[in-house]
Amino acid sequence: MMRTVFDRLFRFFGPQYWWPAETKFEVCVGSILTQNTAWTNVERAIHNLKKENLLSPYAIVQVPDERLRELIRPAGFFNQKAERLKIFAKFLIDNGGFEKLSLLPLYSLREKLLNLKGVGRETADSMILYAFEKPIFVVDAYTKRLFYRMGFIDSEKIDYDVLREKVERSLPKDIELFSEFHALIVKHCKEFCRKKPLCEGCPLIDGCKFWRNGAAQGSHR
DNA sequence: CTCCGGCTAG
DNA sequence: CTAGCTGGAG
């Protein structure tokens, strides 16, 4: 079931090679900046930080708040995100960086990340999977929307961890698999399973409850 | 539940 | 012109 969805997406879109970043720190910065924000805007912000050589924990804690806010402005919510980046950078420094933190068991690390102001479950799991490279499945609004429409879950309001565990239980605990799957879901939901769905040419249309119910507005059916 | 926000595809 | 964006805190 879950495996079939992955296979179809993989065959259709090919490998996504996520997360698009040069360093682990950049992955984490991106995961904070992209909270409820279009990635193109995040790219602008990251580009600004790179240009100023600010993509390191030390640089982030040192740069004046006002300056940081200005640089990440394109990513929106810049006041809170500037604070969140500072808090995360300080956390890394205080805890021995990725090397030391990576020694922790997955769920210990997750707890530490969740205790940080500005790091919720999706952000924490994105960091764990794509920066710390430990096997956890990242759930997001796209995942809930897709699985709801496919008929795998009864509501898009399903609890984050309930859905995460549901997916994890139905697949092998494989970092590469989880990485590609989440990336493919994002890709697919941007191209087809949008809020206003574009079902034409959808690689998952076979067996999709949403499509079968004609909920796709009957515009093309 | 509301606020936080710049940016752009359509 | 605005819907919608890989959320999280209070």
Find the distance A/Arg84:CZ to B/dG5:C1' and express it as a whole number of Å.
->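 Value for this atom pair: 12 Å.
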Return one dot-bracket line describing DNA chain B 5' to 3' (Watson-Crick or G-U wobble pairs, both distances under 3.5 Å; ( ) same strand, [ ] crossing, | another strand, . none).
-> ||||.|||||
Separation of B/dC4 C1' from A/Ile72 CD1 (nearest whole Å) = 12 Å
Mind checking which nucleotides bracket the chain A contacts on DNA chain C, 5' to 3', with an atom under 4.0 Å from a heavy atom?
->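 Listed 5' to 3', the contact boundaries are C/dG4 to C/dG10.
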Which sits closer to the 5' end of DNA chain C, A/Lys190 or A/Val119, going by the nucleotide each is nearest to?
->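 It is A/Lys190 whose nearest nucleotide is closer to the 5' end.
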Partners meeting side-chain contact (heavy atoms from CB on, under 4.5 Å) with A/Thr23 (sequence neighbours left out) = A/Phe25, A/Glu26
Round to the nearest Å and state the distance from A/Asn48 atom CG to B/dG6 atom P.
->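 Computing the A/Asn48:CG to B/dG6:P distance gives 15 Å.
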Would you please name every residue forming a side-chain contact (heavy atoms from CB on, under 4.5 Å) with A/Leu116, sequence neighbours left out?
->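 Only A/Ile87, A/Phe88, A/Phe91, A/Leu113, A/Val119 meet the side-chain contact (heavy atoms from CB on, under 4.5 Å) criterion with A/Leu116.
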Mapping A/Gly76 and A/Thr40 onto DNA chain B by nearest heavy atom, which one lands closer to the 5' end?
-> A/Gly76
Can you tell me how far P of B/dG5 sits from CZ of A/Phe77, to the nearest Å?
->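 Interatomic distance, CZ of A/Phe77 to P of B/dG5: 7 Å.
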Could you list all the side chain to side chain donor-acceptor pair (under 3.5 Å) pairs where at least one residue sits in residues 110-120 of chain A, not counting sequence neighbours?
->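 Qualifying pairs: A/Glu83-A/Lys117, A/Arg110-A/Asp125, A/Arg110-A/Asp161.
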Length of the CG-P vector between A/Leu198 and B/dA9, whole Å =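 Distance check: A/Leu198 CG to B/dA9 P gives 15 Å.
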Between B/dT8 and A/Asn41, is there an OP1 or OP2 to side-chain N/O distance shorter than 4.0 Å?
-> no
How would you list all residue pairs meeting side chain to side chain donor-acceptor pair (under 3.5 Å) that involve residues 28-37 of chain A, not counting sequence neighbours?
-> A/Gln35-A/Arg84, A/Gln35-A/Thr123, A/Thr37-A/Lys81
Can you find a pair of side-chain heavy atoms, one from A/Leu104 and one from A/Leu101, that are under 4.5 Å apart?
-> yes
Side chain to side chain donor-acceptor pair (under 3.5 Å) contacts touching residues 142-154 of chain A (sequence neighbours left out) = A/Asp140-A/Thr143
Stretch residues 123-141 of chain A: residues that reach within less than 4.0 Å of DNA chain C through a heavy atom = A/Thr123, A/Asp140, A/Ala141
Does anything in residues 171-188 of chain A pair up under side chain to side chain donor-acceptor pair (under 3.5 Å), and if so which pairs, sequence neighbours excluded?
->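 As it turns out, the side chain to side chain donor-acceptor pair (under 3.5 Å) pairs with a partner in residues 171-188 of chain A, which skip direct neighbours, are A/Lys187-A/Glu191.
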Expected list for residues 10-39 of chain A near DNA chain B, using heavy atoms below 4.0 Å, is A/Asn36, A/Thr37
For A/Lys24, what residues pass the salt bridge (charged side-chain N to carboxylate O under 4.0 Å, His left out) criterion, not counting sequence neighbours?
-> A/Glu133
Residue-level proximity of residues 146-182 of chain A to DNA chain C when a heavy atom falls under 4.0 Å | A/His182
A/Arg73 has an atom CZ; how far is it from atom C1' of B/dC4, in whole Å?
->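 Going from CZ in A/Arg73 over to C1' in B/dC4 covers 13 Å.
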Quick check: does any side chain N or O of A/Tyr130 sit under 3.5 Å from a backbone N or O of A/Trp18, one acting as donor and the other as acceptor?
-> no
Taking the six-membered ring of A/Phe137, is the NZ or CZ of A/Arg164 close enough (under 6.0 Å from the centre) and on axis enough (within 45°)?
-> no
Between A/Lys86 and A/Val61, is there a donor-acceptor pair closer than 3.5 Å when you use the side chain of the first and the backbone of the second?
-> yes
Spacing between A/His47 atom NE2 and B/dC7 atom C1', to the nearest angstrom =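 One finds 17 Å between C1' of B/dC7 and NE2 of A/His47, rounded.
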Separation between the P atoms of C/dT6 and B/dG10, rounded to whole Å =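 The same atom, P, in both gives a distance of 13 Å.
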